[in-house]
Protein chains: 2
Amino acid sequence: MDTKTLCLGALSRADASGYEIKKAFEDGPLGHFHAASFGSIYPALNALDAEGLVACTEMAQEKRPDKKVYSITPRGRDTLARALMAPPAPDRVRSDFLFTLFLAHLLPAPRVGELIDARIAWYRDCLKQMESCDPTDRPAGAAFVHGLGVTLYRAAADYLTAHRADLLDAMAGEDRMVAE
Amino acid sequence: MDTKTLCLGALSRADASGYEIKKAFEDGPLGHFHAASFGSIYPALNALDAEGLVACTEMAQEKRPDKKVYSITPRGRDTLARALMAPPAPDRVRSDFLFTLFLAHLLPAPRVGELIDARIAWYRDCLKQMESCDPTDRPAGAAFVHGLGVTLYRAAADYLTAHRADLLDAMAGEDRMVAE
DNA sequence: GGTTGCATGTAAATGGTTACATGATTGT
DNA sequence: ACAATCATGTAACCATTTACATGCAACC
C-alpha cells in the first residue's frame, strides 16, 4: 500500500492539507498502523492532483503560511475503494524493542528493566489518549479498529507488568554474556 | 536496526548459513517482529565477514549445494551487545489489514467478513505453531517475548471473534459508499 | 513434467527517509 | 534568544525488495 493510497484514505475521512495528513499519521489513529513522512506525502498529493483523484484549493491564512487543502474526488473515491478490495499485504512489523528483549541475556538486567518500564509507560500514554476520545460518532470500521487497539495495548501493558519480575529473576539465574 | 545487526543477533543464538537465517526470519520467531530478505542478508553477511565480526566456514554437502556456515566472533558479540544498548527505535507497524478495516464503510460487508475471518485463521495458525514448542529450554528473554506474542495474538483473535458480528451489524445501519 | 526445497549471489528498480531551504509567529 | 508550530517542497541518499541467474534433488 503506497503513500498515494494512504493519502486517499486520509482524505476520504475529511479534507486536509499535506501538513494535516502528516499529523494524522503522527498523533492521529492512522499512525498506529501506518507511517508517512513529508517527503512521501507531498509528492503523493501532487501526483494524485495530476491524476484528478484529488482537488486542491489554495487557502490564504492570516498569520500563518498559505495552505493547500485537498479533497478527494469521485474518481479518487473509486480508486481508493478498488485499492481496498485488493488482498491486503501481510503485516510488516519491525520492533527493535522486541528484538532486543529477545536477546535480553546479552544485556545487563537493569537495562532490561528500564526498557520494559519505558514500554509500559508508552502503552499507558497511548491508552489514556485513546480512551479520552469516544468512538461512538465514528464510522463502524474506525470504532472497531479503535477497540482492537485498546484491547491489544492493554493486554501488552498487562503482560509486561505481570511478567517483568519473572524475567529479571530468570535472568539472574542464567548463564549470561553481558556487555561491560 | 540494520540487517547486519539482525544477522549478528541470529548468529548469537546458533551458527547458521544465510539461507538458514532467512528461514529464521520467515518461519522462526524472529519473523514476528522483524523482516529480512536474501537480497539484504547475503551482502550483510559478507560485510560482517570483512569486518571480522563473523567467521565463515565452507561446508561441502552431499546431494545439496555447498553451504557457508557463519559463526559470530567475540568482536561480533561485542558489537551486537553495544548495538542492543542503544535506545531502540520506535516500533514501525504497517498493516494494510488495519488500514482497510479502518475504512470498512467503503467496502461491501461480506468482504469485511472475509477479511476478518482470514485474519482469525492466521492468528490461530500462528498460535498452534507457537504453542507446540515449549519455551523452557530457551533463554529467558526469548521465553518472555514468546509469552507476549501468544498473549497478543490470542487477544487479537478473541477480539475479532467477539466483535465481528457487531461490526457487520453496525455497517448495515450506516451511510455507506460501497465499491460497485 | 512441474513445483518445492536447498543454496548463493547480483543488479536494477523502488520507495522512502533525512536533510535542506524558507519564513512568519508564538511561547519559554 | 531559542525552540517549536505552522506550512510546503526538493534532492540526495539509503535500504530493501524484486527479479534474475544457476543448478541439483526430491516429491507429486
Side-chain angles (χ1 to χ4, degrees), chain A residues 1-8 10-11 15-28 30-31 33-50 54 56-70 83 89-96 99, chain B residues 1-8 10-11 15-28 30-31 33-50 54 56-70 83 89-96 99:
Chain A
M1 197 159 274
D2 57 9
T3 307
K4 273 158 61 174
T5 308
L6 259 21
C7 288
L8 243 22
L11 292 175
D15 293 354
S17 64
Y19 189 84
E20 287 163 348
I21 292 173
K22 168 77 191 313
K23 270 204 308 180
F25 279 103
E26 227 168 42
D27 319 308
L30 290 316
F33 42 86
H34 255 292
S37 61
F38 285 131
S40 58
I41 290 173
Y42 285 124
L45 250 15
N46 285 327
L48 252 15
D49 196 10
V54 301
C56 174
T57 315
E58 236 132 323
M59 304 265 279
Q61 292 185 123
E62 283 164 38
K63 317 218 172 192
R64 288 256 167 282
D66 288 1
K67 232 190 205 187
K68 285 189 180 179
V69 177
Y70 293 89
D91 286 7
R92 217 161 273 187
V93 179
R94 24 194 58 207
S95 174
D96 286 6
F99 187 77
Chain B
M1 198 158 274
D2 56 9
T3 308
K4 273 160 59 175
T5 308
L6 259 23
C7 287
L8 243 22
L11 293 175
D15 293 353
S17 64
Y19 189 85
E20 286 162 349
I21 292 175
K22 168 78 191 312
K23 269 204 309 178
F25 279 103
E26 227 169 41
D27 319 309
L30 290 315
F33 42 87
H34 255 294
S37 61
F38 286 131
S40 57
I41 289 172
Y42 285 124
L45 250 14
N46 285 327
L48 252 14
D49 196 9
V54 301
C56 175
T57 315
E58 235 132 322
M59 305 265 278
Q61 292 184 122
E62 281 164 38
K63 316 218 173 191
R64 289 256 167 283
D66 287 0
K67 231 190 206 189
K68 286 188 180 178
V69 177
Y70 294 89
D91 286 7
R92 216 161 276 182
V93 180
R94 25 193 60 208
S95 173
D96 286 7
F99 187 78

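Here the structure is a predicted model, which means the values were calculated and not measured. First the proteins, then the strands, lettered A, B, ... as listed; each starts at 1.
- Atom CG of B:D66 is separated from atom CE of B:M59 by 10.5 Å, given to the nearest 0.5 angstrom.
- Under the 4.5 Å side-chain criterion, counting only non-hydrogen atoms from C-beta, B:L45 is in contact with B:L11.
- Atom OH in B:Y42 sits about 17 Å away from atom P in D:dT22, given to the nearest Å.
- For the pair A:L6 and A:P65, nearest-nucleotide mapping onto DNA chain C gives the more 5' position to A:L6.
- Minimum atom distance to the side chain of A:R92 is reached by D:dT17, of the listed C:dG16, D:dT17, D:dC6.
- In this structure, of C:dC6, C:dT17, D:dT18, it is C:dC6 that holds the atom nearest to the side chain of B:Y19.
- Where A:M1 and B:P43 meet DNA chain C, the nucleotide closest to each residue was compared, and B:P43 sits on the side nearer the 5' end.
- Atoms CG (A:D2) and C1' (C:dG16) sit 12 Å apart, rounded to a whole Å.
- In this structure, the NZ atom of A:K67 is 20 Å from the P atom of C:dA24, given to the nearest Å.
- Between C:dG16, D:dT18, D:dA7, one nucleotide has an atom nearer to the side chain of A:S40 than all others, and that is C:dG16.
- The aromatic rings of A:F38 and A:Y19 lie parallel to each other, with less than 30° between the two planes, well short of the 60° mark.
- Residue B:G18 is classed as a sugar-phosphate contact, given heavy-atom separations below 4.0 Å to backbone atoms only.
- At whole-Å resolution of the value, CD in B:E26 and C1' in C:dC6 are 13 Å apart.
- Not one side-chain nitrogen or oxygen of A:Q61 sits closer than 4.0 Å to the OP1 or OP2 atom of D:dC6.
- Between B:D66 atom CG and C:dG9 atom C1' there is a gap of 14 Å when expressed in whole angstrom units.
- For B:K23, taking side-chain heavy atoms from C-beta onward, the closest of the listed nucleotides C:dC6, C:dG16, C:dG9 is C:dC6.
- A:S17 has no side-chain polar atom (N or O) that falls below the 4.0 Å cut-off from OP1 or OP2 of D:dA7.
- Checking D:dG9, D:dA7, D:dT17 against every side-chain atom of A:K68, the shortest atom distance belongs to D:dG9.
- Counting only heavy atoms from C-beta on, A:T3 has its side chain closest to C:dG16 among C:dA7, D:dA7, C:dG16.
- Between A:D27 atom CG and D:dA4 atom C1' the separation is 14 Å, expressed in whole Å.
- Rounded to an integer number of Å, the gap from CZ of B:F38 to P of C:dT10 is 14 Å.
- Considering only heavy atoms from C-beta on, B:V54 comes within 4.5 Å of B:L8 through its side chain.
- What you find for B:K67 and B:S17 is that their closest heavy atoms are CG-CB, 4.2 Å.
- Side-chain atoms of B:E20 lie closest to C:dA7 of the nucleotides C:dT8, C:dA7, D:dT10.
- Contact of the B:Y70 side chain with the B:I21 side chain is not registered, since no non-hydrogen atoms from C-beta on lie closer than 4.5 Å.
- Each of A:N46 and A:R64 was matched to the nucleotide of DNA chain D holding its nearest heavy atom; the match closer to the 5' end belongs to A:R64.
- Note: NE2 (B:H34) to P (D:dT17) measures 11 Å, nearest angstrom.
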